[in-house]
Amino acid sequence: MDLFHLLTDELTAILDRLAAKGSLPEGLDYSRISVEPPRDPAHGDVATNAAMVLAKGAGQKPRDLAEIIAASLGELDIVTAADVAGPGFINLRLADSFWHARLADILRAGTAYGDSTMGAGQKVNVEYVSANPTGPMHVGHGRGAVVGDALAGLLAKAGFDVTKEYYINDAGAQVEALARSLHFRYREALGQNVGDMPEGLYPGEYLIPVAEKLAKDDGDKWADANDEQTWLEYFRAYAVDAMIALIRDDLAALGIRFDRFSSERELVQAGGVDAVVAELEGRGLVYTGVLEPPKGMKPDDWEPRPQLLFKATEFGDDVDRPLKKSDGSWTYFATDMAYHNDKYKRGFNDMIDVWGADHGGYVKRMQAAVKALTEEDGRPGGRLDVKLCQMVNLLENGQPVKMSKRAGTFVTLRDVIDQVGKDVVRFIMLTRKNDAQLDFDLAKVVEQSKDNPVFYVQYSHARCKSVLRNAEELVSAEELTPSALADAPLERLTDPAELALIKSMAIWPRTVEGAAEVHEPHRIAYYLHDLAAAFHALWTKGAREDESLRFLKEGDLALTRARLALVSGLATVIASGLAVMGVEPVEEMR
RNA sequence: GACCCCGUAGCUCAGUCGGAUAGAGCGACGGAUUCCUAAUCCGUAGGUCGCAGGUUCGAAUCCUGCCGGGGUCACCA
């Protein structure tokens, strides 16, 4: 059990006892009480604001109340000191033996350490990438892919039942353009004199092999360019399938596998949109009206036009939103609304979408839609969180990488993965909050120095493994297994730097829960960096300042085993964290 | 004009659903290498947390209003 949960339980029990004795009023609200690591380690191992939060309700001064609570906390076996500080904080210091037991927990749990029951098996749907199937993924897609996948991994570790989903936008005008582009390449492959590709089509070379295969398989069956009726539908489906295969390859290169691909087209054809709109209509949430032009930037071609509108304003949006285009087909919003309804109907009360920041303007309306579609059900109501991913600036030694589709210098996600490796791509994409811009320097991310966080963290893991390899000359293989190390005489770990490292490792479960709670996978990367720093510090202390702190002590095998337990535990926690990010720990870095 | 995001050390950024003396990396300066990987570590310098109010025991964090930067803005996806 996570130590902060443990202490929260102990604290709650103490407060209940105090209430039973009459030292506190009954029925105080404990919900604002925090039990957390203090920012300054000098304040101890654990701090609680309980006295300050309860003071008003208890009719006592915070510090007086703190003294009472601290006295009881001080009686716990695991607590060696309970002090009142500042305005009424209670700072606890925990026994070394308590920390040694945590290390043993880590070794017994393996990379499952940090697994939480917070999610209680609740279903969560994470939808990400959802790139238009019109070509290979670019670096920006890659960020969304990594953020979504790491978030899914994080939620799974936190005990949620996660479904990873990709929404294929295969119903709009863009896939028609794709179909025409493929047809152009197809005629080209047949040897027709096709001239330059018309404006608005996709000029990328990736369609050429697709077209060549088609020409080989089907011959000139579809060769009449003017007879769109016969080929458009076929080419659309063929092209989308080919592009999805391409995207799946790119995703596989990143180590990403989706649980489900949902097709917009299938949803529309199955009547999903009609059903949703009909339902909203029945509730009086759909009407035909004319929208005002946005103030301050009236589009040139603005014309007052009656449209089928959804009353998004009743659910927190700024204006009502159109559901139908002038040609009678559904807007993207209408189909996406049906798609979210579909997810909800499949049992997902919790939905997370990962989008590019340029779609930020759609967040409110989608949340309004989800609210409207789920509020009158018996269930708690759907929750939609949208994570917006900002731009990735691709650099090479600080200089922007020039990218132009036309000039053929466009750098795809695949190019970057091939150049630096999937683990580097994944890690770097998580070194910033999703809504902050990210510089991705192709040269720096493979540098072996401490200003490269990927290297810095991986190096700490490699060092652990190096020590464990060297240890084989002193300790038998049986004694080096995690379970054997858990039984090592851990009480021999008494140096402050050793205990500090265990303490850093012991906040991993809390880090998982905190990051999962707010849907922020980047916190894992920062945690691992801090953890690696604590280890590098201990390493150098042993190597350079105080030889007694070296991990391998030939003359004291009991101490050696205890320290190997520490090293093995650290490797475990690093591996556990990297696993959440989808990054493989490295064994050595020579 | 409206909405969203951002504003923290010279630079790039963290900052735990409101906590104590605001942190890390880079850059600058000064140190550590017979020894488990110096690809690392230790130390010093550097801040009115954009500005002004408000909420309360307590604000970088929440609210309001400004200033500055970015994004989006009826039928595209």
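Computed from a predicted structure; not experimentally measured. Within every chain, numbering begins at 1; the chains are lettered A, B, ... in the order of the sequence lines, protein sequences first and strands thereafter.
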Do you know the tightest heavy-atom contact between A:Ala50 and A:Ile69?
CB-CD1, 4.5 Å

Check the side chains of A:Ser466 and A:Glu588 for a donor-acceptor pair under 3.5 angstrom, ignoring hydrogens and angles.
no

Less than 4.0 angstrom between a side-chain N/O of A:Trp355 and OP1 or OP2 of B:A77, yes or no?
no

Once you apply a heavy-atom cut-off of 4.0 Å, does A:Met589 come out as touching a base, just sugar-phosphate, or nothing?
base

Nucleotide nearest A:Glu588 when distance is taken to its side chain, options B:C35, B:U40, B:U37:
B:U37

Give a yes/no verdict on base stacking between B:A77 and A:His359: centres under 5.5 Å, planes within less than 30° of parallel.
no

Just the atom pairs and distances: protein N or O near nucleotides 58-62 of chain B's N or O, under 3.5 Å.
{"unit_1": "B:A60", "atom_1": "N6", "unit_2": "A:Arg39", "atom_2": "NH2", "d": "3.2"}

When you check the phosphate oxygens OP1 and OP2 of B:U37, does a side-chain N or O of A:Ser466 lie under 4.0 Å from one of them?
yes

Taking B:C3 as the reference, what is the distance to B:G53 when you measure between their C1' atoms (whole Å, please)?
24 Å

Can you tell which of A:Val124, A:Val386, A:Val147, A:Leu151 makes a side chain to side chain contact (heavy atoms under 4.5 Å, CB included) with A:His519?
A:Leu151

Secondary structure of RNA chain B per the Watson-Crick/G-U criterion (both distances under 3.5 Å; [ ] crossing, | other strand, . unpaired) is (((((((..((((.....[...)))).(((((.......))))).....(((((..]....))))))))))))....

Between B:G50 and B:U61, how far is it from one C1' atom to the other, in whole Å?
15 Å

Salt bridge check: are A:Asp439 and A:Lys444 linked by an N-O gap of less than 4.0 Å?
no

Using the C1' atom on both, measure B:G30 against B:A45 and round to a whole Å.
11 Å

If you compare every side-chain N and O of A:Tyr456 against the phosphate oxygens of B:C41 (OP1, OP2), does one of them come in below 4.0 Å?
yes

With a non-hydrogen cut-off below 4.0 angstrom, is A:Glu517 in contact with a base, only sugar-phosphate, or nothing?
nothing

In whole angstrom, give me the gap between the C1' atoms of B:U16 and B:G23.
13 Å

Rounded to the nearest 0.5 Å, the CG atom of A:Leu531 sits from the OG1 atom of A:Thr511 at a distance of 9.0 Å

Classify A:Thr331 by what it touches in the nucleic acid, base, sugar-phosphate, or nothing, heavy-atom distance under 4.0 Å.
sugar-phosphate

Polar pairs (N or O, both sides) under 3.5 Å between protein and nucleotides 30-33 of chain B?
none

If only side-chain N and O atoms count, and only distance matters, is there a donor-acceptor pair under 3.5 Å linking A:Gln174 with A:Thr134?
no

Enumerate the ring-ring contact (aromatic ring centres under 6.0 Å, His included) contacts for residues 452-476 of chain A, please, sequence neighbours excluded, ordered by first and then second residue.
A:Phe455-A:Tyr459, A:Tyr456-A:His529, A:Tyr456-A:His536, A:Tyr459-A:His536

Taking all non-hydrogen atoms of both residues into account, name the closest pair between A:Val354 and A:Cys389 and its distance.
CG1-SG, 3.7 Å

Looking just at side-chain N and O atoms, do A:Asn434 and A:Gln390 make a donor-acceptor pair shorter than 3.5 Å?
no

Decide yes or no on salt bridge (Lys or Arg N to Asp or Glu O under 4.0 Å) for A:Arg492 and A:Asp556, but give the supporting numbers first.
CA-CA 11 Å; A:Arg492 299 289 303 277; A:Asp556 189 344; 2.5 Å; yes

Looking across every strand, which nucleic acid part, if any, lies under 4.0 Å from A:Ala85 by heavy atom: base, sugar-phosphate, or nothing?
base

Say we look at B:G7 and B:C51: how far apart would their P atoms be, to the nearest angstrom?
13 Å

Ranking B:G25, B:U37, B:U12 by distance to the side chain of A:Asp451, first place goes to B:G25

What interatomic distance, in whole Å, is found between P of B:A52 and the corresponding atom of B:G19?
22 Å

Answer with base, sugar-phosphate or nothing: what part of the nucleic acid does A:Asp327 contact at a heavy-atom distance below 4.0 Å?
nothing

Looking for any heavy atom pair under 4.0 Å, which part of the strands does A:Asp320 touch: base, sugar-phosphate only, or nothing?
nothing

Which part of the nucleic acid, if any, lies within contact of A:Arg469, taking any heavy atom under 4.0 Å across all strands shown: a base, the sugar-phosphate backbone alone, or nothing?
nothing

Base, sugar-phosphate or nothing for A:Arg523? Non-hydrogen atoms, less than 4.0 Å.
sugar-phosphate

B:C42 OP1/OP2 closer than 4.0 Å to side-chain N/O of A:Lys541:
no

What nucleotide, of B:U40, B:C36, B:A74, holds the atom closest to the side chain of A:Ala543?
B:C36

Among B:C36, B:A74, B:U16, the one nearest A:Val467 by side-chain distance:
B:C36

In whole Å, measure the gap between the P atoms of B:U8 and B:A60 for me.
15 Å

Does any N or O donor sit under 3.5 Å from an N or O acceptor when you compare the side chain of A:Tyr526 with the base of B:A24?
no

Under 4.0 Å between any heavy atoms, over every strand shown, what does A:His522 touch: base, sugar-phosphate, or nothing? Just pick one.
sugar-phosphate

For A:Ala173, which contact category applies under a 4.0 Å heavy-atom criterion: base, sugar-phosphate, or nothing?
sugar-phosphate

Closest to side chain of A:Pro38, choosing from B:A20, B:A74, B:C36
B:A20

Answer with base, sugar-phosphate or nothing: what part of the nucleic acid does A:Asn169 contact at a heavy-atom distance below 4.0 Å?
sugar-phosphate

For a quick test of reading the model: is some side-chain N or O of A:Asn49 closer than 4.0 Å to OP1 or OP2 of B:C57?
no

Pair A:Thr288, A:Gln307 - check side-chain hydrogen bond (donor to acceptor under 3.5 Å, both in side chains), show working.
CA-CA 5 Å; A:Thr288 300; A:Gln307 290 173 297; over 6 Å; no

Test for a donor-acceptor pair under 3.5 Å between the base of B:A24 and the side chain of A:Asp530, counting only N and O atoms.
no

Give a yes/no answer on whether the side chain of A:Arg432 brings an N or O atom under 4.0 Å of OP1 or OP2 in B:A24.
no

Against the side chain of A:Glu36, the closest entry in B:C41, B:U16, B:C35 is B:U16

Check every strand shown and say whether A:Pro62 touches a base, only sugar-phosphate, or nothing at a heavy-atom separation below 4.0 Å.
nothing

From B:A24, B:A20, B:C17, nucleotide with atom closest to A:Phe89 side chain
B:A20

Determine the contact category for A:Glu292: base if any of its heavy atoms lies under 4.0 Å from a base atom, sugar-phosphate if only primed atoms, P, OP1 or OP2 are that close, otherwise nothing.
nothing

Between the protein and nucleotides 2-8 of chain B, which nitrogen or oxygen pairs come in under 3.5 angstrom?
{"unit_1": "B:C3", "atom_1": "O3'", "unit_2": "A:Lys364", "atom_2": "NZ", "d": "3.1"}

After noting the C-alpha distance and the side-chain angles of A:Asp353 and A:His340, does the key distance pass the side-chain hydrogen bond (donor to acceptor under 3.5 Å, both in side chains) rule?
CA-CA 10 Å; A:Asp353 291 356; A:His340 283 80; 2.6 Å; yes

Sequence-distant partners of A:Tyr167, ring pair (Phe, Tyr, Trp, His ring centres under 6.0 Å), two or more places apart
A:Tyr339

The test is side-chain hydrogen bond (donor to acceptor under 3.5 Å, both in side chains); show your working for A:Tyr287 and A:Asp320 and say whether it passes.
CA-CA 10 Å; A:Tyr287 68 102; A:Asp320 293 339; 2.5 Å; yes

Using a heavy-atom cut-off of 4.0 Å across all strands, would you classify A:Glu303 as base, sugar-phosphate, or nothing?
base

So for A:Tyr362 and B:C76, does any side-chain atom that can act as donor or acceptor lie under 3.5 Å from a complementary atom in the base?
yes

